[in-house]
There are 2 protein chains.
Amino acid sequence: MSNHQNVPKATLQRYPVYLKALRKLQHLGISRIMSRELSEFVDVEPTTIRRDFSFLGSLGKQGYGYDVGSLIEIFDAHLGGSFQEKLIIVGAGNLGRALMNYNRWNHVVGEIACAFDVSADKVGNAYEIPVYPMSQLKEKLPEGCRIAILSISSNVQETVDLLVEVGIKGIVDFTHEHIQVPKGVTVKAVDVVSMIQELVFETNAMK
Amino acid sequence: MSNHQNVPKATLQRYPVYLKALRKLQHLGISRIMSRELSEFVDVEPTTIRRDFSFLGSLGKQGYGYDVGSLIEIFDAHLGGSFQEKLIIVGAGNLGRALMNYNRWNHVVGEIACAFDVSADKVGNAYEIPVYPMSQLKEKLPEGCRIAILSISSNVQETVDLLVEVGIKGIVDFTHEHIQVPKGVTVKAVDVVSMIQELVFETNAMK
DNA sequence: AATCGTTTGTGAATATGTTATCATTATGTC
DNA sequence: GACATAATGATAACATATTCACAAACGATT
């Protein structure tokens, strides 16, 4: 149990999907579920679901299924619901502010501690989150902060290097550019354009 | 060439990454590249790159490498750069408006034709893009529109069903909820929280 | 024009990820 | 309390994806 090292990438990508689906089920008043039922819900084969779950321990009971509540707790624990991550937003433009306004963060995956921006007129407070000038990154970076959300549109690589320098280990990348990081730092690109490109390709294939 | 049907999923997910990297290279004035060089740039093995490329034809020259400009053209063509996709945004709240303000759309992957929202006060124009009431979805949907960007926060599944009904084939999903679609419709979830959850999991594994 | 060095593109080998099968073990019933 | 039922979890078969290894092809050089 909890040897995260060897959880397949593909499995890892499904964990948040399971968690969301389980939340929906709980909301619907369902407290017990079998892999076969869950399968139709998330469109993943029952066997795959069971294998995915098994990496985190023996979560189910034979002849019974899984307890929705327990599953949510376990996934929450592993995916950061319980340990309060301190997140920072880098770039307080349109998108950055939209993200700050998402008041869904607390108790889901941590909280946005503060934001940074180069232009002086963005500095101050936005949606109750302090916005500091980029130059104060080192001083204002919250203790133990590992994850940054990147919502800038210029000087991208430069800023990334800066973030790496102060110890950021994971970047959620909203820029449209290609960025490079050293080993040990993970980038998750959130690019609408890329998503649409994939959709276009697939949709064409079907036609 | 161009039998999209059998391009592996994993490969497809890398295409937008290559395209972005190639654009960066072109910007840096590099007009010729070898798979080995590109490899360090995108952190994908040279052989994998060559195989990925080969699905689209024989794009390179032995003993020489690839021409950056030609590659960009080819990827553009396959990923929707040339055929003008008509996109719609469903939900004109904070996030929807941030997306509309991204004036990067034109000639990258198509254009945002219009947006829809349930609340009357959002209807009108935002950043030069018309916003129609949700009730007029059927009438105002652009001819041939296949892809919708979903940036709503309530009545999610209901809205998805509606979109499927009018013929949408691909959804870029910004909601935090779990949604279900029939076969033939593809959903790409863009969920910051999920991304962070994956990062937390991986970052913990490394520690 | 022939040779050399280099890099692509692909068939074969390996590794990774998914699905089928089944023994095991729990629940619920008589 | 023993038995039938049913769903998990693990092992084995399969499928997909990555990497190796090398022949074919191009540019550069003599």
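Numbered from 1 within each chain, the chains take letters A, B, ... in sequence-line order. Note that this is a predicted model, so its numbers are computed, not measured.
- Rounded to whole Å, the distance from CD on Gln62(A) to C1' on dA23(C) is 10 Å.
- The 12-atom threshold is exceeded at NZ of Lys188(B), counting heavy atoms of other residues, nucleotides or ligands nearer than 6.0 Å.
- For the pairing with Ile88(B), the side chain to side chain contact (heavy atoms under 4.5 Å, CB included) check across Ile149(B), Leu137(B), Ile112(B), Ile147(B) returns one residue only, Leu137(B).
- Here Arg36(B) reaches the OP1 or OP2 of dT7(C): one of its side-chain N or O atoms lies under 4.0 Å away.
- Distance from the side chain of Arg50(B) is smallest for dG9(C) among the nucleotides dT21(C), dG9(C), dT10(C).
- Listed nucleotides dT21(C), dG28(C), dG9(C) differ in distance to Ser58(B); the shortest reach to its side chain belongs to dG9(C).
- Between Arg14(A) and the phosphate of dT18(C), there is a side-chain N or O to OP1/OP2 separation shorter than 4.0 Å.
- Partner Phe174(B) forms a side chain to side chain contact (heavy atoms under 4.5 Å, CB included) with one of Leu150(B), Asp191(B), Leu95(B) and no other, that one being Leu95(B).
- Contact check, Ser35(B) against dT8(C): a side-chain N or O comes under 4.0 Å of OP1 or OP2.
- Partners of Tyr15(A) under the ring pair (Phe, Tyr, Trp, His ring centres under 6.0 Å) rule, at least two apart in sequence or in another chain, are Phe75(A), Phe201(B).
- Tyr64(A) carries Arg32(A) over the face of its six-membered ring, with the cationic atom under 6.0 Å from the centre and within 45° of the normal.
- Heavy-atom contacts of chain A under 4.0 Å fall on DNA chain D between two terminal nucleotides, which in 5' to 3' order are dA6(D) to dA12(D).
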Show me, pair by pair, the donor-acceptor contacts under 3.5 angstrom made by side chains of residues 53-61 of chain B, not counting sequence neighbours?
unit_1   : atom_1 : unit_2   : atom_2 : d
Ser54(B) : OG     : Arg51(B) : O      : 2.6

